[in-house]
Structures are given as C-alpha cells and as structure tokens.
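Written out below as structure tokens is the structure these notes cover.
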Amino acid sequence: MSYDADDEIPEPPAVRRLRIMVSVLMVVLILGIVTIAATIVIRLGFGIGEGSGAIAAAEFELPAGDVLSLGQGDGTALFLLRDGDGKEWMLVFDDRTGEQLSRTQIQRN
C-alpha cells in the first residue's frame with residue numbers, strides 16, 4: 001500500500017470535538033466583544049438630553065470650605081462642600097445664571 005499526499009487521513013473523534021469546541025469558543029468571544037463594544041457605544045452615545053451639556057454660568061459663589069464633589073442635574077449644578085466646622089452641605093445652583101437655588105445640610109449616621 002502506497003501513501004499518496006492527496007489521500008486524506010481520517011480525523012480522530014477527539015480532534016474533531018476539539019476543533020468544534022474551539023470554533024464555538026471563537027464565536028462566543030466574538031459575540032462578547034461585539035456586546036461590550038455596543039454597550040460602550042450606547043452608554044457614551046445616547047442619554048444626552050436637551051437639558052444636558054456644558055454649564056453656561058461663568059462662576060458660582062461658594063462659601064469657604066472644601067469641595068468634595070460636584071455634579072450636574074437637569075438645569076442645575078450640584079456641589080458637595082465641607083465647611084470649617086466639618087459639616088457637609090449640598091448646594092444646588094442654576095447652571096445658566098449661577099444663582100443658588102438651595103442649600104441642604106447632610107447628616108451622616
């Protein structure tokens with residue numbers, strides 16, 4: 001019996017299963033990457049409403065203290081401050097005019 005290079009050697013069952021599992025893993029990984037990319041695009045590209053955007057106020061008049069955090073709401077700018085006495089305050093300003101809308105003391109338990 002002579003061996004010819006064009007003759008196919010039968011594939012063992014274990015190798016066939018391994019080839020199928022690797023193919024399935026490749027498809028799952030591709031779907032995972034597409035899902036992650038779509039999630040990033042959706043989170044960064046959508047959700048920007050009409051009221052969102054840059055703060056138009058030129059400045060905000062804040063009391064003395066440390067600014068712990070700031071954020072932006074619908075037409076508002078929010079500041080979390082800690083004053084010299086250690087009290088924490090949440091100040092809400094109009095993001096167009098810079099006018100203070102409210103001041104709330106935060107009490108932690």
Side-chain angles (χ1 to χ4, degrees):
M1 180 169 170
S2 67
Y3 175 72
D4 192 8
D6 294 334
D7 291 342
E8 286 194 29
I9 301 172
E11 189 175 53
V15 174
R16 178 172 163 72
R17 277 193 306 270
L18 180 61
R19 186 171 48 84
I20 291 171
M21 287 189 325
V22 169
S23 297
V24 169
L25 178 62
M26 181 183 63
V27 169
V28 169
L29 286 174
I30 290 171
L31 290 175
I33 290 171
V34 168
T35 302
I36 290 171
T39 302
I40 290 172
V41 167
I42 289 170
R43 295 286 293 173
L44 294 179
F46 298 118
I48 300 174
E50 295 175 9
S52 298
I55 295 176
E59 61 184 34
F60 297 98
E61 191 172 323
L62 298 173
D66 297 328
V67 176
L68 302 176
S69 179
L70 59 102
Q72 184 178 6
D74 189 28
T76 59
L78 308 156
F79 293 87
L80 181 62
L81 299 174
R82 181 176 293 136
D83 64 12
D85 297 333
K87 295 178 184 176
E88 293 181 356
W89 298 89
M90 183 175 70
L91 305 175
V92 180
F93 292 87
D94 185 307
D95 71 352
R96 287 180 176 58
T97 64
E99 175 187 353
Q100 184 174 339
L101 301 176
S102 70
R103 177 181 177 131
T104 306
Q105 184 176 0
I106 299 173
Q107 296 181 351
R108 300 190 187 265
N109 294 331

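What you see below is based on every heavy atom in this structure, not just the backbone, and it leaves out hydrogens, waters and symmetry mates.
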To the nearest 0.5 Å, what is the distance between CD (E11) and CZ (R16)? 6.5 Å
Any chance you could measure R103, atom CZ, to M90, atom CE, to the nearest 0.5 Å? 12.0 Å
To the closest 0.5 Å, what do you measure between NZ (K87) and CZ (R82)? 13.5 Å
Other than V22, which residues form its hydrophobic cluster under the rule that side-chain heavy atoms must be closer than 4.5 Å? L18, M21
Run T76 and D94 through side-chain contact (heavy atoms from CB on, under 4.5 Å) and show every step you take. CA-CA 5 Å; T76 59; D94 185 307; over 6 Å; no
Hey, does L91 have a side-chain heavy atom less than 4.5 Å from the side chain of L81? yes
Please tabulate, for the side chains in residues 24-39, all donor-acceptor contacts under 3.5 angstrom to protein atoms that are two or more places apart in sequence or on a different chain.
from	atom 1	to	atom 2	distance (Å)
T35	OG1	L31	O	2.8
T39	OG1	T35	O	2.8

Nearest 0.5 angstrom please: D83 CG to W89 CH2, how far? 7.0 Å
Enclosure of R19 CZ (heavy-atom neighbours >12, cutoff 6.0 Å): yes
